[in-house]
2 protein chains.
Amino acid sequence: MANDTAHTATLVEVAAAARVSVSTASRAFNGRGEANRISASTISRVQQEAERLRFQPSQLARSLQSQRSGLIGVIVPDVSNPFFAAIAREVTVQAEAHGLSVLLADSRETTSVEIKLLGELQSRRVEGLVVCPVGEESQHLVHVDQVVTPIVLVDRCFTGLPLASVHSDNVHGAKQAFKQLLTHGHSVIGCLQRLSGTLPNEQRLSTVRNEMQQAGLVLDDSLIAGDNFTESSGYESAKLLLASRPDVTAFFAFSSPNAFNALRAAEEVGRSVTDDLSLVAFDDSPFAEFMQVPLSTVSQDLQRLGRTAAEVVLKQLKTGKKPRKRTHSFPVKLNPRQSIQDNQT
Amino acid sequence: MANDTAHTATLVEVAAAARVSVSTASRAFNGRGEANRISASTISRVQQEAERLRFQPSQLARSLQSQRSGLIGVIVPDVSNPFFAAIAREVTVQAEAHGLSVLLADSRETTSVEIKLLGELQSRRVEGLVVCPVGEESQHLVHVDQVVTPIVLVDRCFTGLPLASVHSDNVHGAKQAFKQLLTHGHSVIGCLQRLSGTLPNEQRLSTVRNEMQQAGLVLDDSLIAGDNFTESSGYESAKLLLASRPDVTAFFAFSSPNAFNALRAAEEVGRSVTDDLSLVAFDDSPFAEFMQVPLSTVSQDLQRLGRTAAEVVLKQLKTGKKPRKRTHSFPVKLNPRQSIQDNQT
DNA sequence: CTGAAAGCGCTAACAT
DNA sequence: ATGTTAGCGCTTTCAG
């Protein structure tokens, strides 16, 4: 009746309409009326006016005054990657269940972007941080830890860092996967890696090296291909490898997209899984078992990773103290299917 | 040197350290020093102190004062679904490129949650909204439009609503897909739908009905299965359909997960695509062509959907006026592969 | 060239 | 049972 601007009502307007002071309005609106012995009639009057004016309390103002943003920051390298999407979802759902909202950011696999985003989230005063780091550098994360706590890292963690982290048991996973290949008589095995230099990647790589060594073999560098997590580059490098090392008889793909790229690349150069080429991949997919050749995989428990990350942050937020357990490592599961066959050469 | 609490420095602290007033500190820090003829020495002193104290301006305070949150709200039914993840990512990346952050929320395919989330985002004063609605109800969205503008709907849109919306051409997509099945002689065709009652779903369904009719056939209700977008329920309903209508010779899956469920269900009852059963699906997947039987699909341009949604919001944010074009419908692409074969019965 | 003061919308002492 | 006031951290007139 008074003012028709497309402007959300404020508490003072509600208070004026209900003809009480702002503090009374605040108390009545927030259900602290009883505790403050505000008359029932006043309470309902305030609530009515709030309703009528479509009052939505400004979380901005509240946050400023309470020094609590109610925000959790989540940074992932690529939200459209099912792996990270699953983590993001789990954290989001958990956070919402605890009355917190999630600020989601996408670092595009770029450390500099990650740094920028970290700053932005910080200035928005997020109360906690779940980050799947790019993984090439870590100082900025340690640095952030001194300001925004709690922070927890997922997947691309680092060794020797005083940061909480959640990840799968990459060593054991790689070992299981790779053993399958060895058992089937393969000895010239290509590795299609993710982002080189990151911990999970190096752990998988060195596990492969160890296993090779124990089998009296050696992993030549020319058998390592790929430089990140994305489709296109994985495809190029798989193709290169196929060309330079026509003697490969098997691939170990460090990610599900990489596996799919290997398939595509192999097909184009006239080689076929399984007749000609065996394949095992890290990370499962609902499609894996329905592939031309059902894909042998090692699957991570994404839901558990995400949930744990959320829990670490939320618990620390609640208790205010760092948890005793800093590193959470979860087992992976081997899903043997038909993409691994005996070496024929 | 002064205070060691794990407390982010504020502007007054920086000002004190630089021995200037807060206003000077603010101007110097924000690069408005030149314009305000602040001495170079003062500027650098302020910047130094800001640096030293690791000053991160509170976006909370800024937002409150500027009445601009710098936030875009994104609501999707399920972030872990690749379809929505792709949309979310595109919006996120676009928003970040424009200096805005994204508040991501997951409605878990539940209208009541969607309503709650809408309120929360509103109280955080998001400046724009991209929502992939659950799609069963729409009034709450119209309602929100009067408060938070701009808002744009993606995918599960509604007819006759004064809301901006971005979606694929479901009718043409369904027609293309379905025609393939008819052409190959199928007449008893099961439809594995998404969320019943939502516009894309009904458009696809009625397209199927029309096509059937034109072919002198009729789509019996017993041939429609599924009630949402998720794996498990799609699986159950596909199985039910297979049991109750053993005469089906083909499936039209309204989503990629549904297609995969049909596969799983079919396998378990001893039927096999393609010998026995043809299959075409809405939404492509990088795996589609490497399936046991390469999957015929109709693919949506997810990136374009997401980018357009972001653009509509961002442009409106910039110009302040509603765009003339309210509805954006994009073509889909038919990817014929081998999962459709001639009906043998 | 710089400072003082008001105010964004809310909550929480501290009065009555 | 309710009102007054101060203040969260910042920007921005308005005064020097």
Side-chain angles (χ1 to χ4, degrees), chain A residues 3 5 7-47 49-50 53-71 122-125 127 147, chain B residues 3 5 7-46 49-50 53-71 122-127 147:
Chain A
N3 182 328
T5 32
H7 147 90
T8 309
T10 74
L11 234 207
V12 317
E13 297 175 301
V14 173
R19 303 198 287 119
V20 294
S21 71
V22 259
S23 40
T24 301
S26 171
R27 299 189 264 244
F29 182 78
N30 292 310
R32 260 172 299 109
E34 293 284 282
N36 291 71
R37 291 175 296 179
I38 291 182
S39 74
S41 70
T42 303
I43 295 184
S44 75
R45 198 153 22 95
V46 168
Q47 288 176 340
E49 292 302 318
L53 297 171
R54 294 210 164 78
F55 172 66
Q56 274 277 16
S58 164
Q59 195 54 49
L60 251 32
R62 278 186 170 171
S63 298
L64 182 59
Q65 125 80 27
S66 65
Q67 303 285 61
R68 299 210 40 204
S69 67
L71 253 25
Q122 222 178 112
S123 77
R124 290 194 185 276
R125 301 295 186 258
E127 298 182 35
V147 188
Chain B
N3 180 327
T5 33
H7 148 90
T8 308
T10 72
L11 234 205
V12 316
E13 297 174 300
V14 174
R19 302 198 287 121
V20 294
S21 69
V22 259
S23 35
T24 301
S26 170
R27 296 190 265 242
F29 182 78
N30 293 309
R32 260 171 300 109
E34 293 285 283
N36 290 72
R37 292 176 295 176
I38 292 183
S39 73
S41 71
T42 302
I43 295 184
S44 75
R45 195 151 25 94
V46 169
E49 291 302 319
L53 297 172
R54 295 210 164 79
F55 172 66
Q56 275 278 15
S58 165
Q59 194 55 48
L60 251 32
R62 278 186 169 172
S63 298
L64 182 59
Q65 129 78 30
S66 66
Q67 301 286 63
R68 298 210 41 201
S69 67
L71 253 25
Q122 222 177 113
S123 77
R124 290 194 186 276
R125 301 296 185 259
V126 293
E127 298 182 36
V147 189

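Just the heavy atoms: all of them, side chains too, but no hydrogens, waters or symmetry mates, feed the values below. We name chains A, B, ... by the order of the sequence lines, and we start the count at 1 in each one.
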Whole-Å gap separating C1' (C/dT11) and CZ (A/Phe55): 11 Å
Under-4.0 Å side-chain N/O to phosphate OP1/OP2 contact, B/Thr42 with C/dC1: no
Pair of N/O donor and acceptor under 3.5 Å linking D/dT4 base with A/Ser23 side chain: yes
Solution key, residues 37-44 of chain A side-chain donor-acceptor pairs under 3.5 Å, sequence neighbours excluded:
residue: A/Ser39; atom: OG; partner: A/Ser41; partner atom: OG; Å: 3.2
residue: A/Ser39; atom: OG; partner: A/Thr42; partner atom: N; Å: 3.2
residue: A/Ser39; atom: OG; partner: A/Thr42; partner atom: OG1; Å: 2.7
residue: A/Thr42; atom: OG1; partner: A/Arg45; partner atom: NH2; Å: 3.4
residue: A/Ser44; atom: OG; partner: A/Ser41; partner atom: O; Å: 3.1

Closest-nucleotide ordering on DNA chain D, the 5'-leading residue of B/Thr24 and B/Leu64: B/Leu64
Whole-Å gap separating C1' (C/dG7) and CG (A/Leu60): 15 Å
Pair B/Arg125-A/Gln56, side-chain contact (heavy atoms from CB on, under 4.5 Å): steps then yes or no: CA-CA 9 Å; B/Arg125 301 296 185 259; A/Gln56 274 277 16; 3.9 Å; yes
Criterion side-chain contact (heavy atoms from CB on, under 4.5 Å) on B/Arg27 and B/Val46, from CA distance to verdict: CA-CA 10 Å; B/Arg27 296 190 265 242; B/Val46 169; over 6 Å; no
Most 5' of B/Val20 and B/Gln67 on DNA chain C, judged by nearest nucleotide: B/Val20
Rounded (10°) bend between the five-pair end axes of the helix from C/dC1-D/dG16 to C/dT16-D/dA1: 50°
Side-chain N,O (B/Ser63) to OP1/OP2 (D/dC10) below 4.0 Å: no
Atom-pair distance (CZ on B/Arg45; P on C/dC1), nearest Å: 14 Å
Heavy-atom pair with the smallest gap, counting every atom of B/Leu60 and A/Ser63: CD2-CB, 3.7 Å
Worked verdict on A/Asn30 versus A/Arg62 for side-chain contact (heavy atoms from CB on, under 4.5 Å): CA-CA 12 Å; A/Asn30 292 310; A/Arg62 278 186 170 171; 2.7 Å; yes
Euclidean distance, atom CD of residue B/Gln56 to atom P of D/dC10 [Å, nearest integer]: 10 Å
Separation between CG of A/Leu71 and CD of A/Gln59, rounded to the nearest 0.5 Å: 8.5 Å
Length of the CZ-C1' vector between A/Arg62 and D/dG9, whole Å: 19 Å
C/dG3 base / B/Arg27 side chain donor-acceptor hit below 3.5 Å: yes
More than 12 heavy atoms from other groups under 6.0 Å of CZ on B/Arg19: no
Closest-nucleotide 5' rank along DNA chain C - winner of B/Gln65 and B/Val22: B/Val22
Phosphate-side-chain proximity, B/Ser21 and C/dG3, N/O vs OP1/OP2 below 4.0 Å: yes
Atom pair distance, as rounded to whole Å: CD in B/Glu13 and P in D/dC10: 9 Å
Phosphate OP1/OP2 of C/dC10 contacted by A/Ser26 side-chain N/O (<4.0 Å): no
Sugar-phosphate only, base, or nothing, as touched by B/Asn30 at under 4.0 Å among non-hydrogen atoms: sugar-phosphate
Euclidean distance, atom CD of residue A/Glu34 to atom C1' of D/dA1 [Å, nearest integer]: 12 Å
Touch class at under 4.0 angstrom, heavy-atom based, for A/Arg32 against every strand present: sugar-phosphate
Check against side-chain contact (heavy atoms from CB on, under 4.5 Å), A/Gln122 and B/Thr8: CA-CA 9 Å; A/Gln122 222 178 112; B/Thr8 308; 5.6 Å; no
Side chain of B/Arg37 (C-beta onward), nearest among C/dG9, C/dC1, C/dG3: C/dC1
Rounded interatomic separation in angstrom, taking CG from B/Leu11 and C1' from D/dT11: 9 Å
